[in-house]
Structures are given as C-alpha cells and as structure tokens.
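As the structure lists them, so they are numbered: ligands from 1, and atoms in each ligand from 1. Along the sequence shown, residues carry numbers from 1.
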Amino acid sequence: MKRIAFISGITGQDSSHLAEFLLEKNYKIYGLIRRSSTDNTWRIKNILDRIELITGDLTDQASLDKAIKLTQPDEVYNLGAMSFVKVSWDNPEYTFNVNAIGVIRLLEAIKNFGKQDTRIFQASSSEMFGKVQETPQNEFTKFYPRSIYGVSKCAGHWIAINYRESYNMFICCGISFNHESYRRGLEFVSRKISYGVAKIYLKMADYIELGNLEAKRDFGYAPEFVEAFWRMLQLDKPDDFVLATGENHSIREFVKTAFECVEIHNWQDYIKQNPKYMRPAEIDYLLGDSRKAQKILGWKSKTSFQELIYLMVNSDIERLKRGDKIE
Ligand code: NAP
Ligand code: GDP
C-alpha cells in the first residue's frame, strides 16, 4: 500500500521540492491549492500528472474538513502560509488568520476526520527568534518575534505543541532558517538578487533596488530542508528541530557573491538602496544551531552559500535566455 501524504500550500517553493522527494519514495500525494484567477502551478508543472490537487484554504474550516475526510493521509505537511514577512505589516490580520488560526483549523480537521495515527509536520520559522536572545539559536532559545509573521509563526508553533500534548497527536515542528532555491518567490531577497544579476548580465536591466544590506541570514538549500521534514515524521516519537546551515552571511555578501558568479566585480555600481524595502522592525542576525537534527535525524545541510547562489543565478540566466515566463 502506498503511503498517503497531504501537503498544504502545494504551489509553494518547499511543497514543490517535497512533492518531488515523496514521489521518489512512492507516496500518493494530495496537494491543497487555493483558488486563483491566474495559473500559479509553475513550480509543480513537471509533476502535475502524478499528484492530485484539492481546492481548499487554510482560512476555511469546511474545505479542510472535506479534504482530510476525503484523503485520509498518513502524513500531513502544513507548508501553506502567508510567508512573506514584509507583507505581514500590510495584512496583519490575514497573516495571523492563515499562519496561526489556520493551524488550529487543519489540526481540528485531522483530529475529527483523519486517521488516529496521522503524522503531522508544522513549518515553524527562525523568524520566531527575531531579536535574538542568544547566538546561535537552538530549540531552547527564547522567541522574540519582530513581525506579525513571526508572531503568527510562534502562535502556530505553540498551537502544534499544544495539540500534541493535549490529544497525543504525532506533530513535529521544524524551525527552519531561510532556505532558498531557483523556485523561491521573486519578492524574497535571494531570488530578487539572482534574477536581478541574471538580467544585468544579459543586459536586460541596469540595477537592482534593495533595502537593508547589513542583515545577516543563515541561508540553506530548500531541497535539503524538505528531506528533514520527512525524516521528522519517520521518528518513533514526535519532536521539534532547528534546521539551519550553521553559517550566516549578510545581504551585502549575497549580492557580491551573486555578481561574482557572472564575473562582475564592481557590484556596487549596480545596486540602488530604496527605503521602500526597509522594514519597520528588522531582524539583524540569525544563525541556527542544528546539532539536534544532525544527531537525531542524521540530517545536515550540504550545499554551500556559494553553491546555492551559483545555482540560483545560473537558473535565472538559463530561464531568461530561453525566454521562459519568469515567476
Ligand atoms: P511559499 O513559496 O510562499 O509557499 C506558501 C504556500 O502557501 C503557497 O502554495 C501559497 O499558495 C500557500 N498559501 C498561502 N495562503 C494560503 C491559504 N490561505 N490557504 C492555503 N494555502 C495558502 O513558502 P515556502 O518558502 O515554500 O515555505 C513553506 C512554509 O515554510 C511556509 O509555512 C513558510 O512560512 C515556512 N518557512 C519557510 C522558510 C523559507 O525560508 N522558505 C523558512 C521558515 C519557514 P499561493 O501559491 O496560492 O500563494
Ligand atoms: P525573511 O528573512 O523571511 O524576511 O526573507 P527576505 O528574503 O524577505 O529578507 C531577508 C533580509 O533581506 C531581510 O533582512 C530584509 O530586510 C533584507 N532585504 C534587503 N533588501 C530587500 C529587498 O529588496 N527585498 C526583501 N525581501 N528583503 C530585503
């Protein structure tokens, strides 16, 4: 019998990598997709004929009840979210509704209509550490979120733990630090830079507009992170893990490295700073300690910062050369 996986946010970066990984493992996959007036399935185009899409929304209890009743998953990966920190200041109530109350809705659907032994992964975030209380950050580090996104992820995290403790549900939280790939949304800084550099290299643009270049992030490679999500759900008992590379770099270093991929060394000439991209409250420094994941999950990030950027810049150059629709 094939194991059944249910993934919320199937059109997102992580879900697309996770779905490919689970298909290799012979899972039957159901993906929750919300209605959109335009096609947003570009990340899963290559596997659309091998997965089943179910329309629903994390803000709509009835849709989740119905989806879980219908699919009876063995494993649920809650990857759906309003995931862009900057927009959480513009849409605070909606962000909290999806990222926090959405967790309650999904867990209620599983508790009431799913199998008793369903295993659940909750996508928690390093944004919960925010104004960091110690360095590096591990599973015991106090949270101090700096955005409604961070606050909503703290709530989602504790909701998940509360359901685990109240109802004995198998729920694991992965506290992931930033992870990127050529499928990252264009609004995130990593992809904005790789796409911008590719355009400048191909003489299709003159500059990139950015905000704060001094913030430091622990940047990993998304396909490796989704494997850790899966590994968590194969444990004998549920637990929470920090997933990170253990190395951090500033946005300035990201920009410099991306331009080095195309042998442009006077990168400063191509960057304009625009206050529009600054945040009302910034997270200056994130650095993860994932020794627990290494010890218990046997998981370690492998792709280096340079390799990650090289992959992203090259992918954008190839797509632009082919004339692909860029998303
Ligand atoms: P992403 O690319 O932005 O994907 C988010 C997904 O959630 C999309 O499929 C989106 O659908 C869906 N979604 C948004 N609102 C929804 C709603 N109301 N109902 C149902 N689905 C909804 O994010 P990602 O980078 O793959 O991240 C996956 C998860 O990990 C998210 O929970 C994110 O917060 C968390 N996380 C990510 C990182 C990271 O660095 N990538 C780090 C820590 C935690 P549409 O396509 O329709 O918008
Ligand atoms: P986040 O860590 O989840 O907020 O991921 P982002 O990729 O959105 O932002 C990472 C860091 O890059 C933050 O400290 C931002 O302030 C900084 N940053 C600087 N310029 C930009 C920009 O133009 N866009 C975005 N998204 N972030 C920027």
Could you tell me, atom by atom, which parts of ligand 1 come under 4.0 Å of a heavy atom of [X]?
| X | result |
| --- | --- |
| A123 | 29 (C), 30 (O), 32 (O), 35 (C) |
| N178 | 40 (O) |
| S124 | 43 (C), 44 (C) |

Worksheet item: Does at least one non-hydrogen atom of R184 fall below 4.0 angstrom from an atom of ligand 1?
Response: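 Right, R184 reaches ligand 1.
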Fill in: Proximity flag K153 to ligand 1, non-hydrogen atoms under 4.0 Å
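The answer is yes: ligand 1 sits under 4.0 Å from a heavy atom of K153.
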Worksheet item: Hey, does the Lys NZ or Arg CZ of K142 hover above the aromatic six-ring of Y144, less than 6.0 Å from the centre and inside 45° of the axis?
Response: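 Geometry flag: not set, cation outside 6.0 Å or 45°.
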Worksheet item: Is the cationic atom of R184 (NZ for Lys, CZ for Arg) positioned less than 6.0 Å from the six-membered ring centroid of F188 and within 45 degrees of its normal?
Response: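 Yes, a cation-pi geometry holds between R184 and F188.
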Test your reading of the structure: does [X] have an N or O sitting under 3.5 Å from an N or O of ligand 1?
| X | answer |
| --- | --- |
| S83 | yes |
| G56 | no |
| A81 | yes |

Hey, is the main chain of [Y] close enough, under 3.5 Å, to the side chain of [X] for a donor-acceptor pair?
| X | Y | result |
| --- | --- | --- |
| S315 | L311 | no |
| R183 | Q13 | no |
| Q133 | F129 | no |

Discussion item. Looking only at the side chains, is there a donor atom on one of N314 and E318 sitting less than 3.5 Å from an acceptor on the other?
Written reply: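 No - no donor-acceptor pair under 3.5 Å links their side chains.
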If we set the cut-off at 4.0 Å for heavy atoms, which region of [X] has an atom near ligand 1: side chain, backbone, both, or neither?
| X | value |
| --- | --- |
| Q13 | both |
| Y94 | side chain |
| L58 | both |
| Y149 | side chain |
| N40 | side chain |

Item to complete: Please report the shortest heavy-atom distance between Q137 and V132, naming the atom on each side.
Response: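 Distance-wise, the nearest heavy atoms are NE2-CG1, 3.3 Å.
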Fill in: Side-chain ion pair, K115 and D117, N-O less than 4.0 Å
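Not counted as a salt bridge, because no side-chain N and carboxylate O are separated by less than 4.0 Å.
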Item to complete: Over 60° means perpendicular and under 30° means parallel, so classify the ring planes of F121 and F229, tilted if in between.
Response: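 Rings of F229 and F121: parallel, under 30°.
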Item to complete: Evaluate the ring planes of F143 and H157, with Trp represented by its six-membered ring, and classify them as parallel (under 30°), tilted (30 to 60°) or perpendicular (over 60°).
Response: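 Taking H157 first and then F143, their aromatic rings stand perpendicular (interplane angle over 60°).
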Item to complete: Would you check if the distance from the ring center of W299 to the ring center of F225 is below 6.0 Å?
Response: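 Distance test on ring centres: under 6.0 Å, yes.
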Item to complete: Please assess Q122 against Y77 for the test side chain to side chain donor-acceptor pair (under 3.5 Å), listing each intermediate value before the final yes or no.
Response: CA-CA 6 Å; Q122 168 60 19; Y77 296 87; over 6 Å; no
Show the distances, to 0.1 Å, for all pairs joining an N/O atom of ligand 2 and a protein N/O atom that are shorter than 3.5 Å, listing one pair per line.
from	atom 1	to	atom 2	distance (Å)
ligand 2	2 (O)	E127	OE2	3.1
ligand 2	2 (O)	N178	ND2	3.0
ligand 2	2 (O)	R217	NE	2.8
ligand 2	4 (O)	R279	NH1	2.5
ligand 2	7 (O)	V189	N	2.8
ligand 2	8 (O)	R279	NH2	2.8
ligand 2	14 (O)	R217	NH2	3.1
ligand 2	14 (O)	E282	OE1	3.0
ligand 2	14 (O)	E282	OE2	3.0
ligand 2	16 (O)	E282	OE2	2.6
ligand 2	20 (N)	G211	N	2.8
ligand 2	23 (O)	K192	NZ	2.7
ligand 2	26 (N)	E187	O	2.9
ligand 2	26 (N)	R279	NH2	3.4

Practice prompt. Counting heavy atoms only, name the option from S176, G185, A222 that's nearest to atom 43 (C) of ligand 1.
Written response: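 The nearest heavy atom belongs to S176.
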Fill in: N274 atom CG, neighbour heavy-atom count above 12 within 6.0 Å
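Yes - once you tally the heavy atoms of other residues, nucleotides and ligands closer than 6.0 Å, there are more than 12.
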